[in-house]
Amino acid sequence: MFRRKFLATTLATAVALSLSSLYGSAYAADATTVQSDENWARNSVIYQIYPRSFADGDGNGIGDMSGVISRLPYLDKLGVDALWLSPFYKSPQADAGYDVADYRVVDPMFGSTEEFERLLKEAHARGMKVIVDLVPNHTSDEHAWFQAALKSPPGSPERARYIFRDGRGENGELPPNNWPSVFGKAAWDRVPGEKQWYLHLFDSKQPDLNWDNPEVRAEFEKVLRFWLDRGVDGFRVDVAHGLIKEKGLADLPIEEGRENAGALVGPMWDQDGVHEIYRSWRKVLDQYPGKRIMVAEAWVSPRERLTHYIRSDEMDQAFNFEYLMTKWEAGAFKDIINSSMALTATVGAPTTWVTSNHDTVRAPSRYGLKELGAHALPGNGIGPNTPQPDEALGLRRARALAMLTLALPGSTYIYQGEELGLPEHTTMEGKYRQDPMFLRTKGEEVGRDGCRVPLPWKADAPSFGFGPGDKTWLPQPASYARYAVDRQEGAADSTLNLYRRILELRHDHKLGDGKLQWVDAGKDVLAFDNGDLRVLINMGTQAAALPEGSQVLLSSEALPEAGKLPGNTAVWLKRT
Ligand code: GLC
């Protein structure tokens, strides 16, 4: 389609990078750049497909490849540059596919390898790149390697692919250390009848691999090649900060583990040794034509450490989760935008912008809450027994946020349904929930099911048009009828049409490659120029004045009073 910037090969203007102005004004997205295919990862809008909830072709209630293929025209029309597919590999689905039993096989639940290849071909024909999810920290317990490990004795090469240790206590009845699982309870399970335990930082069905073992490294390079040979444009690397554990597996300093479970620091996270792995992967990717990319899912602290993952000989991007966690306050957004750009500039990488994904509360629901609290953190869902968001306020803010986020230079992620303004299913009863986080904590943690509900395509059809029948693997709330694609299609002011227009203008005005220049505005208003556009977002509740003679190209809400920008509203103006 017309907007595919990476199909163009025009020479972009050279822009100077001014680090001295860290908290001042000018930031460049890039140093001298050639706007070409090579550059696609620096400015692309990447759409996350969570296959089990996107579109169901065969009617079993779970989304699949044929569902995705049938909706490629929709994605093309939306105007995204690339797709990222969450795992679709053979898996018992203990963690919705993030527990892989075979890295080279498409789970029959989602389709076949041939169907994936068709998807890839058709997406490419439409000018969309496709990246896939790689899950290297752990396999499924049903992976052939883990099954072989269980059948082999302690000390065997089969066990050496994972992290098996003798338990503590007289008979090995206590776990080898006090590490908690991110999903609740201990990070160790005992092998029945033995002294040995195995480590799983996530679910019991997700044993951690031993990345000190060269065999593991060799195998994953082969997995990379397997998908690169099929033509994928890159990988989203799951738990990129977890692969290497500190030698000795020492206890966590804090005795009680649970509140430490989601901690970003500790002997299991962000060890320097992980970078050698990504440097070796870079070499593999660079052997393929075109630009194949890697994006790190790495929850690290302090944030400066995130830049290590995106040095020029490692990955291309890292998700900017701090942006996702920002509270609704102009000053807070300005700070995070400034610091994000300054940090990535230190290694010459593009900044990414993320407002939602399959692990966190959807933005309209997050920003509809009185207090954001812990709900910005992954897994801290909203349930029937927690305070409910103000749906209208949240949607209004999310629409404004889209206009802020997609006006920033760099690469932006859109999570499926975000373009519909879809809220979280916040009242889903426990009996439907399937997230291991909910199950392992016995509901103490609401978990992530609320953001994973199958998408509504048709307001008046069974399953809201998710599939041909009425089956959906998670229940959809009645309110999803209002958000259905067909309802939004013809409504000029719908969120879907807003996103389409945003993406079109973003492309035409080259905002992804642009340069941000702050402009003074009131306390609750953020204002900046990017190329020939001026962007304003009013995060307060009182209307603010628009510059005189403003030529409004797009606004997130109707502007009832001339010359005024209402609260929780954003505009793009044509600079004169
Ligand atoms: C990542 C995924 C999440 C998954 C976890 C374990 O954080 O985004 O969904 O549960 O890794 O693989």
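We count residues from 1, following the sequence as given.
Note that CD of Glu557 and CZ of Arg399 are 5.0 Å apart. Values are rounded to the nearest 0.5 Å.
Checked against the 6.0 Å centroid threshold, Trp299 and Phe321 count as a close aromatic pair. Ring centers of Phe202 and Trp179: at least 6.0 Å apart, outside the cut-off. Here Tyr98 and His358 bring their ring centres to under 6.0 angstrom of each other.
In terms of modelled atom types and a separation under 3.5 Å, the side chain of Arg42 and the main chain of Asp513 share no donor-acceptor contact. Checked by atom type and distance alone, the side chain of Trp211 pairs as donor or acceptor with a backbone atom of Pro136 at under 3.5 Å. Within the 3.5 Å criterion, the main-chain N or O of Ala363 finds no donor-acceptor partner in the side chain of Thr355. Judged by distance alone, with hydrogens and angles left aside, the side-chain atoms of Thr351 form no donor-acceptor pair with the main-chain N or O of Thr344 at under 3.5 Å. A donor-acceptor pair under 3.5 Å is absent between the side-chain atoms of Trp84 and the main chain of Ile49, judged by distance alone. Under a 3.5 Å cut-off, the side chain of Asn320 and the backbone N or O of Val354 do not form any donor-acceptor pair. Side-chain atoms of Ser365 come within 3.5 Å of backbone atoms of Glu424 as a donor-acceptor pair (strictly under, hydrogens ignored). In terms of modelled atom types and a separation under 3.5 Å, the side chain of Arg303 and the main chain of Val300 share no donor-acceptor contact. Looking only at distances, a side-chain donor or acceptor of Arg506 sits under 3.5 Å from a matching main-chain atom of Leu406. One N or O on the side chain of Glu297 and one on the backbone of Val239 form a donor-acceptor pair closer than 3.5 Å.
Using a 4.5 Å heavy-atom cutoff, the side chains of Leu553 and Leu533 are in contact. At least one side-chain heavy atom of Leu408 sits less than 4.5 Å from a side-chain heavy atom of Ile337. Residues His275 and His308 have side chains in contact (heavy-atom distance under 4.5 Å, counting atoms from C-beta outward). Put simply, the side chain of Val535 does not reach to within 4.5 Å of the side chain of Met403, judged on heavy atoms. A 4.5 Å side-chain heavy-atom check between Leu503 and Val80 finds at least one atom pair inside the cut-off.
For Asp95, the salt bridge (Lys or Arg N to Asp or Glu O under 4.0 Å) test picks out Arg448, with sequence neighbours left out. Residues satisfying the side chain to side chain contact (heavy atoms under 4.5 Å, CB included) test with Asn568, not counting sequence neighbours, are Trp328, Leu393, Arg396, Arg397. By the side chain to side chain contact (heavy atoms under 4.5 Å, CB included) test, Asn497 pairs with Ser494, Arg500, sequence neighbours left out. Residues satisfying the side chain to side chain contact (heavy atoms under 4.5 Å, CB included) criterion with Thr360, sequence neighbours excluded, are Leu324, Asn357, Pro378. In this view, Lys247 and Asp212 satisfy the salt bridge (Lys or Arg N to Asp or Glu O under 4.0 Å) rule, not counting sequence neighbours. Residues passing the salt bridge (Lys or Arg N to Asp or Glu O under 4.0 Å) test with Asp270, sequence neighbours excluded: Arg305. Partners of Asn530 according to the side-chain hydrogen bond (donor to acceptor under 3.5 Å, both in side chains) rule, which considers only residues two or more places apart in sequence or in another chain, do not exist here. Residues that satisfy the salt bridge (Lys or Arg N to Asp or Glu O under 4.0 Å) test with Glu329, not counting sequence neighbours, are Lys327. Remark: Ser556 engages no residue in a side-chain hydrogen bond (donor to acceptor under 3.5 Å, both in side chains) (not counting sequence neighbours). With sequence neighbours excluded, the residues that form a side chain to side chain contact (heavy atoms under 4.5 Å, CB included) with Leu369 are His375, Ile382, Pro389.
Applying the salt bridge (charged side-chain N to carboxylate O under 4.0 Å, His left out) rule to pairs touching residues 532-546 yields Asp529-Arg534, Asp532-Lys574, sequence neighbours excluded. Evaluation of the salt bridge (charged side-chain N to carboxylate O under 4.0 Å, His left out) test over residues 368-381, restricted to residues two or more places apart or in two chains, returns none.
A cation-pi arrangement is found for Lys334 relative to Trp518, the charged atom lying closer than 6.0 Å to the ring centre and inside a 45° cone about the ring normal.
Paired with Phe235 under the rule side-chain contact (heavy atoms from CB on, under 4.5 Å), one option of Leu285, Val295, Asp133 passes, and it is Leu285. Applying ring pair (Phe, Tyr, Trp, His ring centres under 6.0 Å) to Trp353 and the options Tyr323, Phe333, Tyr413, Phe319 leaves one that passes, Tyr323. The ring pair (Phe, Tyr, Trp, His ring centres under 6.0 Å) test with Phe88 is passed by exactly one of Tyr50, Tyr103, Trp227: Trp227.
A salt bridge is defined here as a Lys NZ or Arg NE, NH1 or NH2 lying under 4.0 Å from an Asp or Glu carboxylate O, and Lys245 with Asp208 meets this definition. Salt bridge Glu418/Arg362: absent, no basic N to carboxylate O contact under 4.0 Å. One finds no salt bridge joining Arg279 and Glu276 here, because no Lys/Arg side-chain nitrogen approaches an Asp/Glu carboxylate oxygen to under 4.0 Å.
The shortest non-hydrogen separation linking Asp81 to Val45 is OD2-N, 2.7 Å.
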Query raised in the report: Do Asp524 and Asn538 pass the side chain to side chain donor-acceptor pair (under 3.5 Å) test, and can you show the C-alpha distance, the side-chain angles, and the key distance before you say yes or no?
Result: CA-CA 6 Å; Asp524 292 326; Asn538 181 355; over 6 Å; no
Requested in this report: Apply the test side chain to side chain donor-acceptor pair (under 3.5 Å) to residues Gln317 and Ser411: give CA-CA distance (whole Å), side-chain angles for both, the deciding distance (0.1 Å), then the verdict.
Outcome: CA-CA 8 Å; Gln317 301 184 349; Ser411 187; 2.9 Å; yes
